[in-house]
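Following: one structure in structure tokens, then a few remarks.
Computed from a predicted structure; not experimentally measured. All values below were derived from every heavy atom in this structure, side-chain atoms included, with hydrogens, water molecules and symmetry-related copies excluded. Each chain gets a letter, A, B and so on, in the order the sequences are listed, and its residues count up from 1.
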Amino acid sequence: MSPSSETRPSETRPAETHPAKSPGSMSPYRIGGAVVAIAAAAALLWVAIASFASDGVVSPSATVRAEPAAGQRAADAAPDARGVLRQRTGLQRWRAGRETSAPSAVGEPSLRFERGDRLENGRALVESWRADPPEAAALAKRGFVEGSSSLPYAEAATFEQPEGRDWRQAHNGPIRYGGGWLIFGMILALALFLFFRGRIRLNEGYSGERIERFNAIERANHWMTATSFILMALTGLALLYGKPALLPLIGHDAMGALGAWSAWLHMALAAPFALGVAMMVALWVVGNLPDRYDWPWLKRFGGFLDDQGEGPPAARFNAGQKIVFWGVVLGGLALLVSGLAMMFPFFWLGYDGMQWAQSAHAAIALAMVVLILGHIYIGSVGMEDAFSAMWSGMVDRNWLKEHHRAWYEQIKGRRRAAAGASEDGAASTAQSGGRT
Amino acid sequence: MNAFAIGAAAAVALAALSALLFQATAVTVAERSSPEASVRLSEEDSSAERLEARREAVARAE
């Protein structure tokens with residue numbers, strides 16, 4: 001979309017130069033950066049301790065006990081439920097033709113099973129499974145349980161799905177802790193950048209002339225997408241981190257309600273987010289195609305590292321904004337596809353496909369949260385006058401000159417051409433008027 | 001009204017609309033999962049292939 005500075009006249013406001021800094025003084029932005037950096041470092045330390053302390057073992061909290069049936073002496077019953085379950089597994093393998101010898105009789109008649117309210121040492125139980133050779137082998141083997149079922153759906157006939165352990169390990173380990181590292185790491189990096197670099201200011205101060213950068217449709221669409229994304233990020237994080245981080249604080253009832261609302265809101269907000277991203281593509285894709293300014297801009301990191309001299313030139317969107325744009329478009333598409341696969345379970349994918357979709361959805365969403373944190377930073381506290389570009393649509397002429405010089409030159413050229421045309425028109429009108 | 005208010009209101013309105021749509025879809029899923037539907041689908045889904053696999057497994061076990 002072409003800049004709309006021609007359609008909306010530029011505004012003026014009093015010019016303003018920055019007051020000279022007194023030596024040793026620190027801006028409130030830098031102080032804020034230091035405070036946030038300390039908090040983020042503490043959170044990162046907590047994540048580090050949690051990630052290295054946890055080995056990902058999920059222990060059962062309740063158990064099934066085998067009790068002697070009525071009229072049976074305890075000594076006649078099998079020693080525990082595990083023995084019975086092992087016998088049953090053997091029987092199933094024999095029935096499925098995977099073992100030639102029939103197992104010894106299952107001790108079912110002498111036992112009844114009861115759900116134990118509480119398992120004192122679930123971890124020891126899991127470790128005993130791992131240590132016991134036949135069961136450890138069964139845990140490692142894929143496709144161990146096979147048979148036939150007359151249940152109506154194929155998915156209902158899946159009683160045991162060993163890949164679920166891989167999914168749970170990825171979900172509870174790399175994805176959950178990796179997300180913590182990424183989010184708090186990004187917050188720490190941005191806060192340290194703010195503390196050491198300070199806010200990126202206008203080198204020449206405010207000129208007083210305001211030029212339109214985004215029109216009303218672009219801004220409304222941006223805020224629709226942003227509102228949806230932020231709410232989806234919060235509800236998604238509540239779902240991903242609710243059990244380890246929120247459940248101990250708010251209890252089961254509140255967590256249940258929060259989880260149900262989060263799931264509903266998360267799905268419902270997908271519609272405005274997808275529509276917003278589609279409109280962004282229609283509005284901004286041309287401006288976000290690669291151009292000759294991108295590589296020099298990236299090499300100098302946009303000139304953000306210091307206040308010395310002019311920054312590298314950029315057209316309407318610089319290389320950093322293009323990274324955010326394509327990250328949102330491609331990441332949003334991946335989130336939409338994987339999210340739809342989970343919203344309609346077993347419609348397109350089976351268990352393993354949905355596990356992959358869930359893992360990919362969480363990993364891509366966490367990466368997008370980090371990307372958007374950077375976007376929010378540079379569009380608000382990180383850079384002077386950047387927020388007004390998306391709030392009011394107007395930016396100062398010097399802002400445009402310093403951060404999007406190539407685009408500014410285009411606007412200036414168009415204005416000059418328009419002014420020349422109107423002068424020519426006025427002159428020719430005057431000439432023709434003089435003749436008549 | 002500024003662009004933020006318009007955008008946020010549009011997001012909420014569209015989310016509410018899609019939630020209503022999901023409600024309607026959820027009814028369909030509930031119907032599909034009802035006992036009657038299970039019986040019907042069980043008959044439809046008991047394909048010859050599956051029945052044959054079951055017969056083979058039983059024959060092996062015997």
Task: pair B:N2-A:W391: side-chain heavy atoms closer than 4.5 Å - done: yes
- [ ] Taking side chain to side chain donor-acceptor pair (under 3.5 Å) as the test, write out the residues that go with A:S338, two or more places apart.
- [x] A:H361
Open item on the list: Which one wins on heavy-atom pair count under 4.5 Å against chain A: B:A11, B:A13, B:A16, B:A10?
Closed with: B:A11
- [ ] Working to the nearest 0.5 Å, report the span between OG of B:S18 and CH2 of A:W264.
- [x] 9.0 Å
Open item on the list: Counting only non-hydrogen atoms closer than 4.5 Å, does A:L275 touch chain B with its backbone (N, CA, C, O), its side chain (CB onward), both, or neither?
Closed with: side chain
Task: Set of ring pair (Phe, Tyr, Trp, His ring centres under 6.0 Å) partners for A:F317, sequence neighbours left out - done: A:W284
Task: For the student: nearest non-hydrogen atoms of B:A19 and A:A268, plus distance - done: CB-CB, 4.1 Å
Task: Enclosure of A:I217 CD1 (heavy-atom neighbours >12, cutoff 6.0 Å) - done: no
Open item on the list: Let me confirm one number: the OG-CG distance from A:S228 to B:L14, rounded to the nearest 0.5 Å.
Closed with: 8.0 Å
- [ ] Examine whether an atom of A:F273 lies under 4.5 Å from a heavy atom of chain B, and if so say whether it belongs to the side chain, the backbone or both; otherwise answer neither.
- [x] neither
Open item on the list: Ignoring hydrogens, what is the shortest heavy-atom contact between A:M343 and B:F22? Give both atom names and the distance.
Closed with: CE-CZ, 3.1 Å
Open item on the list: Just checking A:W348: does its CH2 atom have more than 12 heavy atoms from other residues, nucleotides or ligands closer to it than 6.0 angstrom?
Closed with: yes
